[in-house]
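Atoms considered below: every heavy atom in the structure, side chains included; atoms not considered: hydrogens, waters and symmetry mates.
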Amino acid sequence: MNKTARSVEGASGTFHIADVYPSVDGGRFPVKRIAGEPVEVWADIYRDGDDVIAAALVWRHEGDDEWRRAPMMLHSDDRWGGSFTPDRPGRYSYAIEAWTDEFASWRQRFGQRRNTGSDLALDAIEGAGMLTKAQAAGPAAAAVIIRQCELYLQTGEASALLAPELREAMADSQFRSDLTRSRLFPLTADRPRARFGAWYQMVPRSQGKVPGEHATFNDCIARLPDIADMGFDVVDLAPIHPIGALHRKGRNNAMTEQDSDPGSPDAIGSADGGHDAVHPQLGTLEDFRAFVAACRAHGMEVALDLAVQCSPDHPWLTLHPQWFRRRPDGSIREGGHPPRRCDDIVNPDFASDDATALWHALRDIVLFWVDQGVRIFRIDDPHTKPLPFWEWLIGEVQRHDADVLFLAEAFVRPKLMKALAKLGFTQSCSYFTWRTQRSELEQYLGELISYPERDFFRPNFFVNTPDILPFHLQSGEPWMFKSRLALAATLSSSYGLYSGFELVEHAPIPGREEYLVSEKYEIKVRDWNSPDNIKPYVATLNRIRRDNSALQQTSNLRFVGIDDSNVIGFVKESVDRTNVVVAAIALSRDAHEFWLPLGDVEDGNGDARRPVTAVENLVTGERHQLEWGGIRLRIDPERDPALLFRCVA
C-alpha cells in the first residue's frame, strides 16, 4: 500500500492540520517529556466537504528507521486527539497524518441515500468496486474483505458491504490518495531525574574537619551518609579543577590574597591543568571516580558545575591564544559582571576565527566528565555565551548519552531564561529565590505551569546558592528557613539548597545578598551537627516527597483560596492522578487560624475519581474528616510553618 505522505504545503488545500499541541514556537524547539509516560497530542484537522476524515499520530526516536503510528480520534469541533509513549530517553519526532476514508465516506453516503428511498444498486456496485481495489493491511483484514466481497457477489445484498468488521478491515486497507502529513514536531524524552530531585550543593574543599586544611575526595565521601540521611538525590559540586594563581582573590573577594588563601574555584586552570583536571589537593581522577561510585551506592548522583571561563593561568591561553580577544595593550579583558571585579577570570572569545575548535573543545570536556560517570551538569551563567552554542553542545552530548541532564544557572531576564530552556536545557534556575509574598508566588507559579511554559521550562527552586543569601534569610529565624524550604520542596518537583542552609547560616555582607564569610574564597570547616540545625526537618520533607508522587511533578498544581494573605494553600496531583497532596504554608511568623476549602478536590483517575472526604497529615499520620467541604486548621510557624496532607476519597 502506498502511504507516501505529502507535506502540508503540497496538499493543495485538501487538509488543514492546525493548532497542534504540544508544540513550542510552532515546532522550532522540542517539547519536554519523561520517557515511559504517555504524550497526548491534539490538533484541529479539517477539509472541505462532508467526506469522512481519518487521522493518525506517527512518531519515531531519532535513532530508529521506522515510524510508529497510532490512530487519532475525533472529539468535537474538528479537534482530534491521540497519544504515544516514548519508550526510552532521547530525541523524538512526531507528526499528524490525515486522509479521506473513502470507504467510510461511501458508507455514509449510502446510508443517507437509503433514508431517502433512492435506488441503491449503482451505489452498492461502487462500494463493491472499492473492495476489489483494496490492499489489505494484513491477513486478517484480507480474509474479511474477500469474504464480504464474495458474499455480495453471491447474494447481491448490500448488507454484505455494511458489516462492521468490513468497515474496520477497510480502514487500513485502502489507497490514501490525499494522505497529508503535518510538519515534524520535536520532543525530548528525559529520564525521571529531569523532573524530580532534591539537590545538595557544596564546595568540595570545605568538607574536611580540620580548620584551614583543604579537604580531599575521601573527605567528601565521608560526608555522604549525612547528606543521604537528609534525603537528597543529587550532590552538586562547585568546580573541582585547578585554581589559577595570577590575580588570585583573597577572603571575601578581596583583590589581594594572603599566602594561605586558596582562591576562587571559578578561576579555573593552572599549571596543573584546566577543565579536564581535578585540583591536586582534592585528589586524582581515580579518587573522583570513587566519589561518584560512593554517591551511587548511597542512592545519589553527582552534578558537576561547568563554568566556561578560565584563570589567566589556564593552559588554553598558551595552547590556544586565538581563543581569547586581546585589548589594544595586549591584555585580555577580565571576566565577571560589573561592578564586581573578576580579574582572576577571563572568558573565551566565541567570535574568534577559531570558534569551531573552541566549541568542539568544550564539548569534549563535557564528554570527558561523562566518561568519569557524571550525568548532570550545572552550567554557570549560560546566558553570557551564544545561544546557538548551547543548542549545539546539548544536542551533541545527548546524542552521545541521552541520560545527560543540564541545569541552566541563569538568574537573568525572563525571556532569555526561557530561551535557554527552549533550546535544550533540561532544568532552569528560577526567580523563586526572591518570591516571598503569596501574590508573587501564585503569579509566578501560575506562569510556570501555564502553556506553553510548562512544555519546555522545568524550574529548579534553589533556596540559596554560594552567590546568593536572600534578604529574607538574613535574620536567621529558623521558621523562615523552614518555610522557604517547604515552599521550594513542595511547589517545585526539583529544588536545591547550598550547604550551610541546614545549619541556618545567615551572616551577610551588610546591605548585600551575599555571605559575609564566603567559602568561595576560603576553606570553611563546619560542625555539621551544630545546635539548632534543621536537618531533621529537611529529611522529613524529602521523605514526604519520595513517598508522594504528587510532589514529584510541578505542573498539576492549583492554588486554594485561603482568607489569610500570609498563608498560601495549594493542591498537587500526580501525573496519573492517583495521589493528591494539599499544603498550607505560613509566610509570616505569627500563628494562623484559617479555613482550607477542599470541596471541589477529587482523588483517583478516570471513572474512579471521587470527592475527597478526609485528609491525612503526612508528618503525624493524623486523619481529619472534611466538614462542609473543608477543614479548619492552625499553623504555628515557630513549631512548623507547613501543613502537608494526603487526600483520601
Going through the checks in order, is the side chain to side chain contact (heavy atoms under 4.5 Å, CB included) test met by Phe288 and Leu237?
CA-CA 11 Å; Phe288 174 75; Leu237 303 182; 4.0 Å; yes

Inter-residue atom distance [X].[atom1] - [Y].[atom2], 0.5 Å rounding:
| X | Y | atom1 | atom2 | answer |
| --- | --- | --- | --- | --- |
| Leu224 | Ile221 | CG | CD1 | 6.5 Å |
| Arg454 | Leu448 | CZ | CG | 11.0 Å |
| Gln553 | Asp576 | CD | CG | 10.0 Å |
| Gln207 | Thr216 | CD | OG1 | 10.5 Å |
| Leu362 | Asp364 | CG | CG | 9.0 Å |
| Glu573 | Ser549 | CD | OG | 10.5 Å |

[Y] and [X], any side-chain heavy atoms less than 4.5 Å apart:
| X | Y | answer |
| --- | --- | --- |
| Phe501 | Leu485 | yes |
| Ser494 | Arg458 | no |
| Asn464 | Thr433 | no |
| Val404 | Trp369 | no |
| Phe406 | Val397 | yes |

Is it the case that Ser311 and Asp313 place a side-chain donor and acceptor less than 3.5 Å from each other?
no

Do Gln372 and Arg289 pair up side chain to side chain, a donor and an acceptor below 3.5 Å, judged on atom types alone?
yes

Assess whether atom [atom1] of [X] is packed by more than 12 heavy atoms of other residues, nucleotides or ligands within 6.0 Å.
| X | atom1 | answer |
| --- | --- | --- |
| Arg326 | CZ | yes |
| Asp353 | CG | no |
| Glu40 | CD | no |

Has Arg33 got its NZ or CZ under 6.0 Å from the middle of the six-membered ring of Tyr94, at an angle within 45 degrees of the ring axis?
no

Over-ring placement of Arg181 relative to Trp67, 6.0 Å and 45° cut-offs:
yes

Check whether [X] reaches the backbone of [Y] with its side chain - one donor and one acceptor, N or O, closer than 3.5 Å.
| X | Y | result |
| --- | --- | --- |
| His241 | Ala277 | yes |
| Thr180 | Asp178 | yes |
| Asp276 | Ile365 | no |
| Thr554 | Ser493 | yes |
| Asp287 | Thr284 | yes |
| Gln201 | Ala238 | no |
| Arg183 | Gly26 | yes |
| His275 | Gln309 | yes |

With respect to [X], which candidate in [options] satisfies the side chain to side chain contact (heavy atoms under 4.5 Å, CB included) definition?
| X | options | answer |
| --- | --- | --- |
| Thr426 | Gln398, Arg193, Arg195 | Gln398 |
| Val24 | Tyr451, Phe457, Phe456 | Phe456 |
| Phe377 | Leu407, Val370, Asp305 | Val370 |

Show the nearest heavy-atom pair for residues [X] and [Y], with the distance to one decimal.
| X | Y | answer |
| --- | --- | --- |
| Arg88 | Ala189 | O-CB, 4.0 Å |
| Cys429 | Met417 | O-CE, 3.1 Å |
| Leu285 | Phe368 | CD1-CZ, 3.5 Å |
| Ile268 | Gly274 | CG2-C, 4.3 Å |
| Leu420 | Pro382 | CD1-CG, 3.9 Å |

Should the pair Tyr92 and His61 be assigned to parallel (<30°), tilted (30 to 60°) or perpendicular (>60°) ring geometry?
perpendicular

What class does the angle between the rings of His320 and Trp323 fall in, given that below 30° is parallel, 30 to 60° is tilted and above 60° is perpendicular?
parallel

Check the pair Asp87 / Arg68 against salt bridge (Lys or Arg N to Asp or Glu O under 4.0 Å), numbers first and verdict last.
CA-CA 12 Å; Asp87 55 6; Arg68 289 179 279 181; 3.3 Å; yes

Worked verdict on Val575 versus Ile34 for side chain to side chain contact (heavy atoms under 4.5 Å, CB included)
CA-CA 11 Å; Val575 173; Ile34 298 299; over 6 Å; no

Are Trp392 and His360 an aromatic pair, judged by ring center distance below 6.0 Å?
yes

Determine whether the aromatic ring centres of Tyr495 and Phe432 lie less than 6.0 Å apart.
no

Can Glu97 and Arg69 be said to form a salt bridge (Lys or Arg N to Asp or Glu O under 4.0 Å), step by step?
CA-CA 9 Å; Glu97 292 182 347; Arg69 58 193 346 102; 2.4 Å; yes

Does the pair Trp434 and Phe411 meet the rule for a ring-ring contact (aromatic ring centres under 6.0 Å, His included), with working shown?
CA-CA 11 Å; Trp434 297 277; Phe411 299 99; 5.3 Å; yes

Salt bridge check: are Lys32 and Asp190 linked by an N-O gap of less than 4.0 Å?
no

Could you go through Arg91 and Glu62, starting from their C-alpha distance and side-chain angles, then the distance that decides it, and tell me whether this counts as salt bridge (Lys or Arg N to Asp or Glu O under 4.0 Å)?
CA-CA 6 Å; Arg91 297 182 174 224; Glu62 69 174 357; 5.2 Å; no

Pair Arg191, Glu301 - check salt bridge (Lys or Arg N to Asp or Glu O under 4.0 Å), show working.
CA-CA 13 Å; Arg191 59 191 177 99; Glu301 56 181 307; 2.9 Å; yes

